[in-house]
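Right, one structure below, let's go through it.
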Protein chains: 2
Amino acid sequence: MEARDKILETAGRLFSAQGYDGTSLSQVAREAKVSKALIFWHFETKEHLFREVVSRTIEPYAMKLDLEGLSEPDALAKLVDHYYQFVSRNSSSVRFFLGLFLRRDSRPEEMFAQVLEQYGLFRNQVAQVIERGQQRGTFSSRVRAAAHAGVVIAALNGMLVEGFVSEQREREAETAIAEIKETLIDPIRIS
Amino acid sequence: MEARDKILETAGRLFSAQGYDGTSLSQVAREAKVSKALIFWHFETKEHLFREVVSRTIEPYAMKLDLEGLSEPDALAKLVDHYYQFVSRNSSSVRFFLGLFLRRDSRPEEMFAQVLEQYGLFRNQVAQVIERGQQRGTFSSRVRAAAHAGVVIAALNGMLVEGFVSEQREREAETAIAEIKETLIDPIRIS
DNA sequence: GTCTATATACAGATAGAC
DNA sequence: GTCTATCTGTATATAGAC
C-alpha cells in the first residue's frame with residue numbers, strides 16, 4: 001500500500017478509537033511507519049487529514065435498499081434488519097460520529113450533513129412504509145403512523161447504543177431485532 | 001465559594017463540554033480564577049481532578065422512586081417519565097458518560113460501575129412491573145415481559161440520544177414520551 | 001492555601017537535503 | 001515523495017516564596 005493510503009488507514013483507526021485530540025500525529029507516523037513530515041506533505045495540517053478521513057468514512061453511508069414487491073410488513077422488517085446490520089458492521093465509524101455529535105463544541109458543520117441526510121432518508125422510508133400499509137390494509141389503522149415510526153426507530157437506536165456501551169456480543173443482535181419485530185411490527189400487522 | 005470547590009465546578013463544566021483531552025488545566029485555572037499550581041496542590045494530577053469530578057457528577061444518579069399504591073400501568077408510566085426527565089435534566093453529564101463509553105480505549109473501569117449499576121436497577125424495575133402486571137391482570141399476557149421491557153427501554157434511550165444529536169427543543173420531549181406510552185404501554189394495558 | 005517562576009515533555013508545523 | 005533536524009507553542013507538573 002502507498003504511504004498516503006497507509007496514513008489515511010492508520011489515522012482513521014486511531015481517530016475513531018481515541019478521538020481527534022487523543023491522537024497525535026507522532027503516533028500516526030509511528031504506526032503507519034512514516035515520518036511526521038510526510039503527513040504534512042500529503043495533508044498540510046492535522047485538520048485536513050481529519051476531514052479527509054471523515055470523507056472516506058462517510059462514503060458507505062449512501063445505502064440504497066430495494067423494497068419492490070414486498071408487502072409493507074415485510075418491507076418494514078427488511079428496513080429494520082438492514083439498518084441494524086449496517087450500523088453493526090460500521091460500528092467503529094458510527095460510534096465515532098455519535099461521539100462527535102455528543103460534544104457541545106466541535107460542531108463540524110457541513111461534513112456531517114451527509115450522515116444526517118442519510119439518516120433522514122431512512123426515517124422517511126419507515127414512516128412511509130407504515131402509512132402505505134395502512135392505506136392498503138396490511139397494517140392496522142388504529143396507530144398513528146408517524147408516532148409508530150418514531151418509536152420503531154428510537155427502539156432500533158436504543159438497542160444499538162446499548163450494544164456500543166456494553167461491548168456487544170453477536171448473539172444479542174439477533175435477539176434485539178427479534179424483540180423489535182415482535183413488539184412493534186407483529187402487533188400492527190394485518191395480513 | 002472556596003477555591004477547591006470553584007475548581008471542581010469549573011473543571012466539571014469544561015470536561016463535560018470539551019472532553020478530557022480538550023480541556024487544559026490552564027483554561028480551568030483561568031476560568032476558576034486561581035493559579036495552575038493551586039490545582040496541583042489540591043488534586044495532585046489532572047487525572048485525579050478528573051476522577052474527583054466524575055465522582056461528584058455520579059452522585060445524583062442514585063435515584064429512588066416510590067411506586068407504592070400505583071397500578072402497574074401507572075407505575076410503568078411513572079418510571080418512563082422519571083427516566084426521561086432525569087436524563088433530560090442531567091443531559092450534560094449523561095452526554096459526557098455516553099461519550100466516554102463510546103471510546104474503545106479509556107475504559108475507566110470501576111468508576112462507571114456506579115452508572116451502570118443504577119441503569120441496571122432501572123431496567124429491572126421496568127421488567128418487574130410488567131411481569132407483576134401480567135400476574136395481577138393489569139397487563140396483557142400475550143407479550144413476553146422481558147422482551148417488552150427491553151423495547152421500552154431501548155425506545156427511551158433512542159429518543160434521548162436523538163435529542164442529544166439534534167439539539168433538543170423542549171416541546172419534543174413531551175411528544176417523545178407520549179409516543180412511547182401510546183405505542184408501548186397503552187396497547188398492553190388491560191384495566 | 002495560594003502565588004510566581006520554572007522545568008520538562010511533546011504537540012503541530014517548517015526547512016532543506018536527498 | 002520521503003527523510004532528519006529543528007522551531008515554536010503549550011501542556012502537565014514542580015520549586016519555593018509568602
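Per chain, numbering begins at 1; letters A, B, ... match sequence-line order. Note that the coordinates shown come from a computational prediction; the quantities given were computed from them, not determined experimentally.
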Nucleotide C:dC10, atom P - distance to NZ of B:K46 in whole Å: 15 Å

Round to a whole Å and report the spacing from CD of A:E47 to C1' of C:dA11. 16 Å

Is it true that, when you exclude A:Q85 itself, more than 12 heavy atoms of the residues, nucleotides or ligands shown sit nearer than 6.0 Å to its CD? yes

Near B:E47 CD, under 6.0 Å, is it more than 12 heavy atoms from other residues, nucleotides or ligands? yes

What are the 5'-most and 3'-most nucleotides of DNA chain D lying under 4.0 Å from any heavy atom of chain A? D:dG1 to D:dT4

Where each residue is assigned the nucleotide of DNA chain C containing its nearest heavy atom, which of A:E44 and B:S35 is assigned the position nearer the 5′ end? B:S35

Quick one: do A:E9 and A:R56 make a salt bridge, cutoff under 4.0 Å? no

Aromatic ring centroids of B:F50 and B:F15 under 6.0 Å? yes

Do A:L121 and A:L156 share a hydrophobic cluster (ILVMFWY, side-chain heavy atoms under 4.5 Å, transitive)? no

So, does B:K78 use its side chain to make a donor-acceptor pair with the main chain of B:D66 at under 3.5 Å? yes

Counting the atoms with a prime plus P, OP1 and OP2 as sugar-phosphate, which does B:L38 contact under 4.0 Å by heavy atoms, base, sugar-phosphate, or nothing? base

Selected nucleotide, minimal atom distance to A:S24 side chain, candidates C:dG12, C:dA13, C:dT4: C:dG12

